[in-house]
K.L.:
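Okay, here's the structure, questions in a sec.
Because the structure is a prediction, the values reported are computed rather than measured. Read the numbers this way: they start at 1 and go in the same order the structure lists the ligands and their atoms.
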Amino acid sequence: MTHIEGGGLSTKTDKSQLNINFKKNMKYTNLDKMLETEPPQFNFDNSFARDLEGFFVPCEASKVPSPSMVIFNEPLAEELQLSASRLQTPLGAEIFSGNLLPNGATPLAQAYAGHQFGNFSPQLGDGRALLLGEIIDTQGRRQDLQLKGSGRTPFSRSGDGKAGLGPVLREYLISEAMHALGVPTTRSLAAVTTGETIFRETGMPGAVLTRISASHLRVGTFEFFAARGKTDMVRRLADYAISRHYPETLDTENPYLEFFRAVSRAQIKLISHWMRIGFIHGVMNTDNTAISGQTIDYGPCAFIDEYNPETVFSSIDLQGRYAFGNQSSILMWNLMRLADTLVPLIHVDKDRSIGILTDEIRNFRSEYDEIFFEQMRAKIGLNNEEDGDDDLVQDLLTAMQTDEADFTLTFRGLSDATLGDNSGVLQQFQNTASYEAWETKWLSRLEREPTPPSKRAAAMNKVNPIYIPRNHKVEEALSEAIEHGSLTLFEKILSLVSAPFEEIPGEEIYTKPAPETSLPYKTFCGT
Ligand code: AMP
Ligand code: MG
């Protein structure tokens, strides 16, 4: 195991652990027969391993006793130019459990630090994940292929390095739902069980998720070397991140400042996407804040049902730091932590640098409001922008909160309301008076819109989903998978949330919020 020194990671890499080839790993299994043909091709091009020595530890996955494919994402495999027919097989299960390493993979655990619930941890890192490498997809995008739950690494601390089937399937389902909802996100290529039992609150089947991501660079990756005073390493990382994600900033007067602006814009957009669909991430630590602007790390996340900005599902978020309505403020805080790391790169004079970054951050609230309200105006059918529109959005949210209206169904119901049938919306409100007063104002505002009502209703149904992963339904599907080994319900929900704007007759039960219970819904970090 590579020793990690206080001053940072040892930059010595053990070459024998890199470029481990497929043949060597075949020794671990009895797949020789299957491999009489060519092994499946992965067109790896591993820039992180090549360019960022010192930011990772080469590492192998733990071998597992009996991998079995639970679910495989064929359309995503095609995008990655991977052969679904070769990989949706026992051989694929061996590969995506970490038992077999595909040609060209350079498995490694990435180093990062992070502020967790406001407290700084100088060393987190991939404690249960391995980056196998990067693949250029059919659209020319560079995509990380990462195994999550593949065993201990030098960053595991006291953890077992494993993941359970419940959290793995949950991440698979919710990340795919987010993608279909138009939200930037990591995706899920495969979930396999390992044949092991892992222990959390109870025993559960061990599993590995294959996660696809624009990269796994996080704010916490910058914090790792910034905290150790290694500006040259922070600069190397920034140069890498610029060339990978924001190459357009290179040709500007101050590329590092433009880089900061670009990351901030991407994150501001991301959080406004979350807010338009009612998504609570639940653990917005800086190590879970991606430089690419994708949603990453589906732990205790969940969708709100009745609208209340104070909603918290995570069992460990006791203070409500990551409550639904706090997400944009927390983002500002996380961006300040990124700014801290860039201070030495922005200007030679530290105070000037801090001044420049502070001015940037001051603009973020209005940038966020602009994007958020633009998205929300579309949800209530407004194309043109008039003074007072943002208040109109806010007034609806206030009425929804007061009368405990379901977030998703209220917005979805508005398209029918524009066509004269408001019965679906009215059902969402405990007391309909404030909604009805709002509706009168809204309908008169809509008269000043050029779009004809039928077109408007169709456009609204393209931004207001009918299907989200409803918490109680997700729980039902996961129990069925874990306790009975059946994926019927999981696949049903997956198919609905993969086309979340298209209403399917007969599937009403998947649109409804959970029946009232005495216990509030709680989520767990899934570690
Ligand atoms: P997360 O809460 O998933 O964002 O993880 C926070 C940190 O804890 C990261 O450094 C993870 O790699 C590490 N971690 C989480 N679960 C485990 C586990 N079961 N074994 C080892 N490390 C873990
Ligand atoms: Mg994380």
Side-chain angles (χ1 to χ4, degrees), residues 1 4 9 55-57 59-62 64 97-98 107-131 144 146-172 174-175 185-186 188 194 196-209 211 213-224 227 267 270 280-292 294-302 313-318 321-322 330 334 337 523-527:
M1 202 177 271
I4 296 159
L9 278 176
F55 286 85
F56 60 86
V57 182
C59 205
E60 278 189 57
S62 304
V64 301
S97 66
L108 58 87
Q110 295 184 328
Y112 52 86
H115 278 86
Q116 299 181 304
F117 290 90
N119 301 311
F120 187 59
S121 294
Q123 186 173 300
L124 294 167
D126 288 335
R128 55 162 171 165
L130 285 182
L131 177 66
D144 274 9
Q146 192 203 52
L147 302 183
K148 187 169 172 185
S150 51
R152 285 179 54 78
T153 77
F155 301 106
S156 298
R157 291 165 290 162
S158 57
D160 60 3
K162 306 280 179 176
L165 182 59
V168 161
L169 285 178
R170 197 162 187 280
E171 171 152 356
Y172 191 109
I174 299 186
S175 63
T185 177
T186 63
S188 301
T194 59
E196 292 175 325
T197 299
I198 65 152
F199 294 92
R200 297 294 181 260
E201 287 83 20
T202 58
M204 75 158 80
V208 178
L209 178 77
R211 176 157 81 174
S213 172
S215 84
H216 287 83
L217 303 181
R218 308 139 190 272
V219 170
T221 320
F222 283 79
E223 290 178 293
F224 187 84
Q267 276 289 336
L270 177 65
I280 311 184
H281 183 280
V283 61
M284 285 179 73
N285 295 333
T286 57
D287 53 301
N288 294 336
T289 305
I291 296 300
S292 66
Q294 288 184 326
T295 312
I296 189 169
D297 268 7
Y298 292 88
C301 63
F313 292 124
S314 169
S315 57
I316 57 166
D317 190 2
L318 302 176
R321 180 181 171 92
Y322 299 139
I330 289 293
N334 289 348
R337 303 290 73 76
T523 57
F524 300 89
C525 252
T527 52

K.L.:
If the cut-off is 4.0 Å to any non-hydrogen atom of Gly161, which atoms of ligand 1 fall inside it?
P.N.:
18 (C), 19 (N), 20 (N), 21 (C)
K.L.:
Excluding sequence neighbours, so at least two apart, what forms ring pair (Phe, Tyr, Trp, His ring centres under 6.0 Å) with Phe222?
P.N.:
Phe259
K.L.:
Could you list the donor-acceptor pairs under 3.5 angstrom formed between side-chain atoms of residues 112-121 and any protein atom two or more places apart in sequence or on another chain?
P.N.:
unit_1 : atom_1 : unit_2 : atom_2 : d
Tyr112 : OH     : Gly125 : O      : 3.2
His115 : ND1    : Glu223 : OE2    : 2.5
Gln116 : OE1    : Ser121 : OG     : 3.4

K.L.:
Taking only heavy atoms of Asn288 into account, list the atoms of ligand 1 that are under 4.0 Å away from them.
P.N.:
4 (O)
K.L.:
Answer side chain, backbone, both or neither: which part of Asp126 comes under 4.0 Å from ligand 1, heavy atoms only.
P.N.:
backbone
K.L.:
Start with the C-alpha distance between Thr185 and Tyr298, add both sets of side-chain angles, then the distance that settles side chain to side chain donor-acceptor pair (under 3.5 Å), and finish with yes or no.
P.N.:
CA-CA 10 Å; Thr185 177; Tyr298 292 88; 2.4 Å; yes
K.L.:
Return the option from Gly127, Gly114, Ala111 holding the heavy atom at the smallest distance from atom 12 (O) of ligand 1.
P.N.:
Gly127
K.L.:
Is the shortest heavy-atom distance from the side chain of Glu201 to the side chain of Phe524 under 4.5 Å?
P.N.:
yes
K.L.:
Can you name the nearest heavy-atom pair linking Ala111 to Thr221, along with the distance?
P.N.:
O-CG2, 3.8 Å
K.L.:
Under 2.8 Å from the Mg ion (ligand 2), protein N/O/S atom count?
P.N.:
2
K.L.:
Compare Arg128, Gln123, Arg157, Glu171 and give the one whose heavy atom is closest to atom 13 (C) of ligand 1.
P.N.:
Arg157
K.L.:
Measuring from Phe155:CZ to Arg128:CZ, what's the distance to the nearest 0.5 Å?
P.N.:
15.0 Å
K.L.:
Say you draw a straight line from CG of Leu217 to CG of Asp144; how long is it, rounded to the nearest 0.5 Å?
P.N.:
7.5 Å
K.L.:
Only heavy atoms of Ser156, strictly under 4.0 Å: list the atoms of ligand 1 that pass.
P.N.:
21 (C), 22 (N)
K.L.:
Nearest 0.5 Å, please: how far is OG1 in Thr286 from CG in Leu124?
P.N.:
8.0 Å
K.L.:
Who are the salt bridge (charged side-chain N to carboxylate O under 4.0 Å, His left out) partners of Asp317, not counting sequence neighbours?
P.N.:
none
K.L.:
Any nitrogen or oxygen of Gln116 lying under 3.5 Å from a nitrogen or oxygen in ligand 1? Just yes or no.
P.N.:
no
K.L.:
Which atoms of ligand 1 are found less than 4.0 Å from any heavy atom of Arg200?
P.N.:
19 (N)
K.L.:
How close do Ser150 and Leu130 get, heavy atom to heavy atom, and via which atoms?
P.N.:
OG-CG, 3.6 Å
K.L.:
Any salt bridge linking Arg211 with Asp297? Criterion: basic side-chain nitrogen under 4.0 Å from a carboxylate oxygen.
P.N.:
yes
K.L.:
Using a 4.0 Å cutoff against the non-hydrogen atoms of Gly159, which atoms of ligand 1 qualify?
P.N.:
20 (N), 21 (C)
K.L.:
Compute the minimum heavy-atom distance from Val283 to ligand 1 and say whether it is under 4.0 Å.
P.N.:
no
K.L.:
Quick one: look at Phe155 and ligand 1, take heavy-atom pairs under 4.0 Å, and tell me if it's side chain, backbone, both or neither.
P.N.:
neither
K.L.:
Check whether any side-chain heavy atom of Val219 lies under 4.5 Å from a side-chain heavy atom of Gln267, and answer yes or no.
P.N.:
no
K.L.:
Report the part of Leu124 in contact with ligand 1, treating N, CA, C, O as backbone and CB onward as side chain, heavy atoms under 4.0 Å; options are side chain, backbone, both, neither.
P.N.:
both
K.L.:
Going by the order shown, which atoms of ligand 1 are within less than 4.0 Å of some heavy atom of Gly125?
P.N.:
9 (C), 10 (O), 11 (C), 12 (O)
